[in-house]
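Structure first, then comments.
Numbering starts at 1 and runs along the sequence shown. FYI, side chains are in, hydrogens and waters are out, and symmetry mates aren't considered; it's all heavy atoms of this structure.
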Amino acid sequence: MGRHRRMASGRVLAPLLAGLLSVACGEPPVSEAVLAARPAPLGRASEGVKLGGDLYADAVAPGTTATVLNANNAVGAPDGEAATVLGLLNASLLLDMGAGEEGTGNLKVYYQGVALSVATQVDFLRADGTVLTTGTLRLVNVSVGTHIAMVPFRGGSASYRYVRLRGSVIELYMVDAIEAEGRVVCGDAQTNGVETCDDGNIQSGDGCNSICQVEHGYTCHGQPSVCTDVDECYQGTAQCAPGELCVNTPGGYTCQPDCLAPRTVCGGACVDTRTDVLHCGACGQACAYGGSCALGVCVGGGALQFTATWNRDGDADLLVRTPTGKLISFWNPGPSDTTDRGILDVDARKGLGPENIYWPLGTTPPSGTYDICLSLTTFTPDVDVSAPVQAHVVVRRPGQLERVFDTPRIQPSLNFECAPSEANYVGSITYP
């Protein structure tokens with residue numbers, strides 16, 4: 001809203017001024033009828049459809065005393081122009097947040113020109129002029145320029161239409177603007193107020209629950225919050241009875257009387273060394289950051305990852321064709337321009353795999369469609385309808401669910417091209 005410098009007549013302002021000041025003096029509050037009948041306050045046009053949804057004051061309200069100079073300078077966003085408040089007893093600057101723009105959170109006061117530390121009172125008022133709650137505004141002597149002080153709003157779920165800064169000591173200070181913080185919203189991906197996390201949703205069971213509190217057994221960091229399961233077994237914080245083994249679960253753990261195959265005991269915890277990144281293939285054998293564990297083998301991961309395994313002993317070859325037409329395979333493993341910087345880091349020539357193609361963290365795979373193929377080279381017995389091979393390809397992309405392709409193969413495929421028309425074709429994905 002624009003800032004106007006017009007003066008309202010005493011005939012209009014007198015009853016409203018007396019009514020609003022009466023709240024500070026212990027008299028009955030201004031009635032709703034009086035507020036409803038009053039004209040538009042100084043500095044704003046008549047009510048109607050609100051323009052914008054800002055959280056700054058829209059206008060100076062009746063009740064502002066003559067000891068406040070250039071009161072309209074406190075309206076709107078901070079711009080370096082400020083109202084001057086002489087902190088005398090009963091002096092007040094009353095500001096209107098605007099209909100439909102009532103404050104719901106703490107109040108920021110943008111101020112200037114404090115020579116000595118100042119502590120003054122701030123009243124938060126309802127639309128009918130009654131006081132919801134009062135807070136203390138503490139201003140400190142700082143360098144030139146505009147600075148910010150916070151006044152806590154302790155009115156619960158209520159909202160306030162007016163803010164009154166009351167004088168209590170003989171001191172000058174200048175108010176450039178006031179701003180109401182919005183009410184904390186769980187699920188907006190911003191951690192505010194009493195929230196201990198906010199992952200952008202209001203679902204429980206993912207580490208950050210429906211009221212934006214970190215769930216037991218998780219840690220959460222960042223905005224939006226990324227929540228990670230706490231491995232109590234690995235950290236040694238689990239409380240299992242003597243003779244029991246700890247098995248980590250999402251958000252907790254279980255105590256088992258025995259560590260049954262294919263799990264094994266590592267450091268007092270029962271883990272699967274086929275998939276555990278901290279004990280991949282053997283106890284204490286940890287995979288590098290960003291990588292994963294497939295069949296007990298550490299494989300690279302990062303920006304994009306394709307991992308292939310199969311269900312019976314043999315030699316299979318993973319191929320990936322990038323959106324630019326580059327083919328990554330055992331004979332072109334990369335990283336180079338011919339692979340768009342992708343890498344084949346594991347090439348299994350027997351067993352159940354794995355084979356792995358990935359782009360490390362810090363690299364950017366080309367955007368578009370990737371074709372995935374798995375050529376079945378040597379298997380005993382041969383691949384046919386009576387002795388199929390179950391191909392299993394997992395695709396990982398940061399921030400997305402894993403994409404899994406499970407495809408039975410009933411014939412060998414010795415070709416080393418990769419396209420949807422080829423016999424070795426598994427599927428396609430789009431990146432990012």
### Task
Taking the side chain as every heavy atom from C-beta outward, state whether T339 and K326 have any pair of such atoms under 4.5 Å apart.
no

### Query
Does A77 offer a backbone N or O that forms a donor-acceptor pair with the side chain of E179 under 3.5 Å?
no

### Query
When you take the SG atom of each Cys, C208 and C197, is the space between them under 2.5 Å?
yes

### Message
Assess, by modelled atom type and distance only, whether the side chains of N356 and Q305 contain a donor and an acceptor separated by less than 3.5 Å.
### Response
yes

### Query
Hey, does the side chain of Q190 reach the backbone of Q223 with a donor-acceptor pair shorter than 3.5 angstrom?
no

### Donor-acceptor under 3.5 Å (R263 side chain, A269 main chain)
no

### Task
Report yes or no: does E355 contribute a side-chain atom to a donor-acceptor pair with the main-chain N or O of A308 at less than 3.5 Å?
no

### Approximate separation, where rounding is to 0.5 Å, of T146 OG1 and M174 CE
9.0 Å

### Query
So do V395 and Y370 actually touch side chain to side chain, heavy atoms under 4.5 Å?
no

### Query
If we only count heavy atoms from C-beta on, is the H221 to V226 side-chain gap below 4.5 Å?
no

### Query
Going through the checks in order, is the side-chain contact (heavy atoms from CB on, under 4.5 Å) test met by Y289 and L361?
CA-CA 9 Å; Y289 177 73; L361 292 171; 3.5 Å; yes

### Message
Is it the case that over 12 heavy atoms from other parts of the model lie below 6.0 angstrom from the CD1 atom of I429?
### Response
yes

### Message
State whether cysteine residues C220 and C227 meet the disulfide criterion of an SG-SG distance below 2.5 Å.
### Response
yes

### Query
Is the side chain of H279 donor-acceptor paired with the backbone N or O of G284 at a distance under 3.5 Å, no angle test?
yes

### Message
How about OH on Y218, more than 12 heavy atoms from neighbouring residues, nucleotides or ligands closer than 6.0 Å, or not?
### Response
yes

#### Entry: Side-chain donor/acceptor of Y253 to backbone N/O of Q239, under 3.5 Å
yes

### Task
Before giving the answer on ring-ring contact (aromatic ring centres under 6.0 Å, His included), spell out for Y173 and Y111 the whole-Å C-alpha distance, their side-chain angles and the decisive distance to 0.1 Å.
CA-CA 7 Å; Y173 62 93; Y111 70 96; 8.2 Å; no

### Task
Check for a donor-acceptor pair, side chain of T64 on one end and backbone N or O of L94 on the other, with a separation under 3.5 Å.
yes

### Separation of E102 CD from Y160 OH (nearest 0.5 Å)
10.5 Å

### Exam field: side chain T196 to backbone V214, donor-acceptor pair closer than 3.5 Å
yes

### Task
Might you point out which heavy atoms bring M97 and L55 nearest each other, and give the distance in Å?
CE-O, 3.2 Å

#### Entry: D198 and S225: side chain donor to acceptor below 3.5 Å
no

### Backbone of S92 reached by a side-chain donor or acceptor of T65 within 3.5 Å
yes

### Query
Which atom names give the shortest non-hydrogen contact between P365 and Y431, and what distance separates them?
CD-OH, 3.5 Å

### Message
Please determine whether disulfide (SG to SG under 2.5 Å) holds for the pair C186 and C212, giving the CA-CA distance in whole Å, both sets of side-chain angles, and the decisive distance to 0.1 Å.
### Response
CA-CA 6 Å; C186 181; C212 286; 2.1 Å; yes

### Query
Do you know which two heavy atoms are closest between C270 and V247, and how far apart they sit?
CB-CG2, 3.6 Å

### Query
Would C280 and C298 count as a disulfide (SG to SG under 2.5 Å) if you check the C-alpha gap in whole Å, the side-chain angles of each, and the deciding distance to 0.1 Å?
CA-CA 6 Å; C280 187; C298 286; 3.7 Å; no

### Message
So that I can tick it off, tell me whether D123 and R164 are bridged by a salt bridge, with the cut-off set at under 4.0 angstrom between side-chain N and carboxylate O.
### Response
yes

### Query
Does the pair D272/R274 count as a salt bridge with the N-to-O cut at 4.0 Å?
yes

